[in-house]
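This report concerns only the one structure given below.
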Amino acid sequence: TLQNIKRDCYLFFDNIRDLTVRGDKRIYMLAVLAPQISYFNSLRIKKVLNAVSTKIKTQEPWDPKEVWDLIVMILTRPVF
């Protein structure tokens, strides 16, 4: 929870191998901010961001709008 802006957040950290930086890995973060994120929604968001991370690592193209639409669907539809 980000209290100063009154939003829940889901942060996904990962790294990609990069021999040009110290430690041979470059760390990156993907984030979702919303008024409310339930535990069950966070599990679904994790799957989406993990798939995006895999595409980033393999340098496959991915569409941020498509990911955005999927996350909005997760957050606005009932879990059950």
Side-chain angles (χ1 to χ4, degrees):
T1 302
L2 296 174
Q3 292 179 355
N4 58 337
I5 62 170
K6 298 177 182 160
R7 295 285 184 259
D8 286 349
C9 61
Y10 185 88
L11 303 176
F12 185 93
F13 290 92
D14 207 348
N15 64 70
I16 190 165
R17 188 176 170 114
D18 185 349
L19 300 176
T20 65
V21 297
R22 186 175 185 176
D24 296 336
K25 1 179 200 182
R26 186 174 303 274
I27 299 171
Y28 62 92
M29 175 184 75
L30 303 170
V32 174
L33 300 171
Q36 183 178 4
I37 300 174
S38 72
Y39 171 74
F40 294 109
N41 285 342
S42 73
L43 295 177
R44 295 169 69 196
I45 291 169
K46 179 180 180 180
K47 288 181 183 180
V48 172
L49 296 183
N50 193 33
V52 170
S53 183
T54 300
K55 288 183 179 187
I56 290 170
K57 287 181 176 185
T58 58
Q59 297 182 348
E60 290 179 47
W62 60 282
D63 183 10
K65 171 88 169 84
E66 187 177 298
V67 174
W68 170 264
D69 290 341
L70 185 55
I71 290 173
V72 167
M73 185 195 69
I74 289 168
L75 293 172
T76 57
R77 300 243 165 83
V79 177
F80 300 105

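Worth knowing before you read on, the calculation uses all heavy atoms, side chains too, and leaves out hydrogens, waters and symmetry mates. One is the number of the first residue; the rest follow in order along the sequence.
Annotation: salt bridge (Lys or Arg N to Asp or Glu O under 4.0 Å) contacts involving residues 50-62, sequence neighbours excluded, comprise Asp14-Lys57.
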Inset, instruction - Would you please test Leu49 and Tyr10 for side-chain contact (heavy atoms from CB on, under 4.5 Å) and show each step? - result: CA-CA 10 Å; Leu49 296 183; Tyr10 185 88; 3.8 Å; yes

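Chaining together hydrophobic side chains whose heavy atoms lie under 4.5 Å apart places Trp68 alongside Val72.
Phe13 and Ile71 fall into different hydrophobic clusters, where Ile, Leu, Val, Met, Phe, Trp and Tyr side chains are chained together by heavy-atom contacts under 4.5 Å.
Listed by chain and number, the residues in a side-chain hydrogen bond (donor to acceptor under 3.5 Å, both in side chains) with Asp69 are Lys65 (sequence neighbours excluded). Looking at residues two or more places apart in sequence or on another chain, you find no side-chain hydrogen bond (donor to acceptor under 3.5 Å, both in side chains) involving Thr76.
The OG atom of Ser42 lies 11.0 Å from the NZ atom of Lys47; values are rounded to the nearest 0.5 Å. Atom CG of residue Asn50 and atom CD1 of residue Ile45 lie 13.5 Å apart, to the nearest 0.5 angstrom.
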For residues 21-37, dump all side-chain donor-acceptor pairs below 3.5 Å to protein atoms at least two apart in sequence or in another chain.
from  : atom 1 : to    : atom 2 : distance (Å)
Arg26 : NE     : Asp18 : OD2    : 2.9
Arg26 : NH2    : Asp18 : OD2    : 2.7
Tyr28 : OH     : Ser53 : OG     : 2.5

